[in-house]
Protein chains: 4
Amino acid sequence: MININERSSSPIYEQIIQGMKELVLKGVLQNGEKLPSVREMSSTLLVNPNTVSKAYQELERQGVIETLRGKGTFVCTGGAPVLSDETLHRLKSSLKQVVLDASYAGVSAEQLKQWIDSYLKELRSGTNA
Amino acid sequence: MININERSSSPIYEQIIQGMKELVLKGVLQNGEKLPSVREMSSTLLVNPNTVSKAYQELERQGVIETLRGKGTFVCTGGAPVLSDETLHRLKSSLKQVVLDASYAGVSAEQLKQWIDSYLKELRSGTNA
Amino acid sequence: MININERSSSPIYEQIIQGMKELVLKGVLQNGEKLPSVREMSSTLLVNPNTVSKAYQELERQGVIETLRGKGTFVCTGGAPVLSDETLHRLKSSLKQVVLDASYAGVSAEQLKQWIDSYLKELRSGTNA
Amino acid sequence: MININERSSSPIYEQIIQGMKELVLKGVLQNGEKLPSVREMSSTLLVNPNTVSKAYQELERQGVIETLRGKGTFVCTGGAPVLSDETLHRLKSSLKQVVLDASYAGVSAEQLKQWIDSYLKELRSGTNA
DNA sequence: GTGGTCTAGACCACG
DNA sequence: GTGGTCTAGACCACT
C-alpha cells in the first residue's frame, strides 16, 4: 500500500510516515486497527526492520499510532491536534518554498490551489492518485 | 537582505538560494545586476564561504544567475521557465506533503490558499513579511 | 482492585506487582490470606495468564507471597525487610532519576516531599487516591 | 564524566541522557557550550556511535541540547519547562513506585526526603556523589 | 570535521 | 509472536 522511492531525497522512514498518515486520513486504516508488524512491513517494503521501527516510533511520538507491549502497533487518531505556533510557522515556511519554486517554474497560484483541492478530494474519497 | 536561521531544518545553502530567488522576484535584484562576491556574501551572512559557493553554483545550475569569469556573478532572469515533468512532479509532491501536514495540524484548505495569496502579494509588492 | 493500564510505560506484570504490594500495605490483603488463582486473576484483569504468573513468581521471590503446592497462593508479610546494599542502591538511583526529572520539569523538592507524605497517608488509611 | 553501567536495567542511551542532564544541571556543561561529538563520545564511553546519537537526538527533542548542521551539538538550556499534566502524572507515578519499594525495604519517608535534599545539594554544588 | 540515514544481524523483555 | 536495544560498518549531506 505504501510506495517507497529509494531515489527520493526524503529518507525512507519519512516516506513510510507520510504513507501511513495518508492511509489513516483516507480511512484505509481505521482507528484502533492493528498495523502490520515491523517485521511484516519491512519484508513487504523490502526495507530494513530498523527503518520501519524508526518510522513507527516517530508516528507514535506524533500521536498517530500507539504501541501495546507484546501485542503490536495500532492506529490511534487521537483528539484535537495541537496547533502550536511552531507548527504553523513550519507549515507556512514549507508552503512559501513551494510557492517560490512554483513561481520560477511558471506554475500559477490557481494551479496550486487546484492541486490542493484535488489532493484533499483524493484523501476524502480514499482513492489513490 | 537575506535572513539565515542556523536552527532551521533546511540547510543554510538552501536558505541562501531561497533568499536570492525572493530578492529577484521582488525586483530588489534586477536582471543583469552584479551580485556580491562569495567572499563578501559569506562575511555579510556570517556563513562559511563554501556554503555560499554551493548556493551560487546551484543558482547558476537553475539559470537564476550566471558567472562571467573574472567579472563576477550576475542576475540572469532568463527566458521561459523550464516546465519539465520532473519539476512538476517534485512541486506536486512537496505540495502534497504540506497539505498532508496541514490536515493533521487542523489547518484548512482555505487557510492554505490564503497563505499562498498573501505570500504572492508580498513578492509582487517587493516588501518583507 | 488492581488497575491495569495497557498504555503505561511500565510492563503489565510490574503493575500487578505494584498493585498487590499496595493492597498488602493498605491491609486490604491480610497476612495469610489466600490470593485469587492465576487463572482467576487473569480473567479478572483481562490479562494474559503468563503475565499474572510472572508477577506471582516475582512477588514470591520478593517474599511478599508464598505458594503452597496444591493449596494456593498466600500473602506472607514475613519478617524483617531485607536491607541489602544493592536494594538501597537501586532505591537511591530511582529516586535520583525522579529528582532529576523533577528538576527539569520545574517541580520543587517541597512538592516531591509533599507527594511522598500524601502517598504514604493514602497507604496507611487504606483508601484509593 | 559519564558512567555507563552495562549491567544496568536501563538502556545505555538513557544513562547517557541522564548523565548529560546531570552535567548540565551541575553547570559542568554551560549554556551554549559545545558537546563532544558523537564519535568522540562513543569512543570515550566505549559505546557504539549510534547509541550516542540516539541519546543526543532524544536530548534535542527534550530541548536540552540543539544540533547545528555540520557544526556539532550544543547545550541549550531553553526557556521555561513545559509542565504538562502528563509529565506531572509520570513523575508522581515514578515517585509512588519508589515510595512503595522503600516501604517494603524498611526505608522511612524521612530517609527518602534526606536523599532528595542531599542529591539536590550535590547538583547545585556541581560535585560528584 | 559534523550529524543523519540505512543495512545486517544479534539479543532481550514482554505477553 | 511483538517491539526495543545494541553493535558494526557503510554512505551521504552539510559546513
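Atom set for the values below is all heavy atoms of this structure, side chains included, hydrogens, waters and symmetry mates excluded. In what follows, chains are A, B, ... by sequence order, proteins preceding strands, each numbered from 1.
With rounding to whole Å, C/E58 atom CD is found 14 Å from E/dC14 atom C1'. Spacing between atom NZ of A/K34 and atom C1' of F/dG3 amounts to 10 Å, rounded to whole angstrom units. Put simply, CD1 on D/I4 is 14 Å from C1' on F/dT5, counting in whole angstrom units. Between A/E6 atom CD and E/dT5 atom P there is a gap of 17 Å when expressed in whole angstrom units. For the pair D/M41 CE and E/dG1 C1', the interatomic distance rounds to 18 Å; values are reported in whole Å. Note: CG (D/L46) to P (F/dC6) measures 15 Å, nearest angstrom. One atom, CD of D/E60, and another, C1' of E/dT2, lie 13 Å apart when rounded to the nearest Å. In this structure, CD of D/E66 is placed 13 Å from P of E/dG4, rounded to the nearest angstrom.
In terms of heavy-atom proximity, D/Y13 sits nearest to D/A55 at O-CB, 3.6 Å. Considering every non-hydrogen atom in both D/L45 and D/I2, the closest pair reads CD2-O, 3.5 Å. For the residue pair A/V38 and A/Y56, the shortest heavy atom distance occurs at CG2-CD2, 4.0 Å.
Neither OP1 nor OP2 of F/dG3 sits under 4.0 Å from any side-chain N or O of A/S53. Remark: A/T51 is in phosphate contact with E/dT7, judged by side-chain N or O atoms under 4.0 Å from OP1 or OP2. Put simply, A/Q57 has a side-chain N or O that comes within less than 4.0 Å of OP1 or OP2 on F/dG4. When the side-chain nitrogen and oxygen atoms of D/Y13 are compared with OP1 and OP2 of F/dT5, one or more of them lie within a distance under 4.0 Å. The phosphate of E/dT2 has neither OP1 nor OP2 within less than 4.0 Å of any side-chain N or O from D/R69. Under 4.0 angstrom from either OP1 or OP2 of E/dG3 there lies at least one side-chain N or O belonging to D/T73. Put simply, A/S37 has a side-chain N or O that comes within less than 4.0 Å of OP1 or OP2 on F/dT2.
The side chain to side chain contact (heavy atoms under 4.5 Å, CB included) check on D/Q15 picks up D/I4, D/N5, D/S8, D/S10, with sequence neighbours excluded.
Both D/S10 and A/T67 lie close to DNA chain F; mapped to their nearest nucleotides by heavy-atom distance, the more 5′-ward contact belongs to A/T67. Nearer the 5' end of DNA chain E, as judged by each residue's closest nucleotide, is the contact made by A/E14, out of C/E14 and A/E14. Between D/P11 and A/V38, it is A/V38 whose nearest contact on DNA chain F lies nearer the 5' terminus.
No donor-acceptor pair closer than 3.5 Å links the side chain of D/S53 to the backbone N or O of D/N50. D/E60 places a side-chain N or O within 3.5 Å of a backbone atom of D/T67 that can act as its donor or acceptor partner. Distance alone, capped at 3.5 Å, places no donor-acceptor pair between the A/E14 side chain and the A/P11 backbone. Side-chain N or O atoms of D/Q30 include one that pairs as donor or acceptor with a backbone N or O of D/G27 at under 3.5 Å.
Residue A/L68 is out of contact with every strand shown, counting any heavy-atom pair closer than 4.0 Å.
Taking a pair as Watson-Crick or G-U with both hydrogen-bonding distances under 3.5 Å, the stems of three or more pairs touching DNA chain F are E:1-14 with F:1-14.
Between the side chains of B/Q62 and B/K21, at least one donor-acceptor pair of N or O atoms lies under 3.5 Å.
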What does the list of N/O pairs under 3.5 Å between the protein and nucleotides 9-12 of chain E look like, with a distance for each?
unit_1 : atom_1 : unit_2 : atom_2 : d
E/dG9  : O6     : A/N50  : ND2    : 3.1

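Look at C/E22 and D/K96 and you find no salt bridge, because none of the NZ, NE, NH1 or NH2 atoms lies under 4.0 Å from a carboxylate O.
Side-chain atoms of D/K54 lie closest to F/dT5 of the nucleotides E/dC14, F/dT5, E/dG4.
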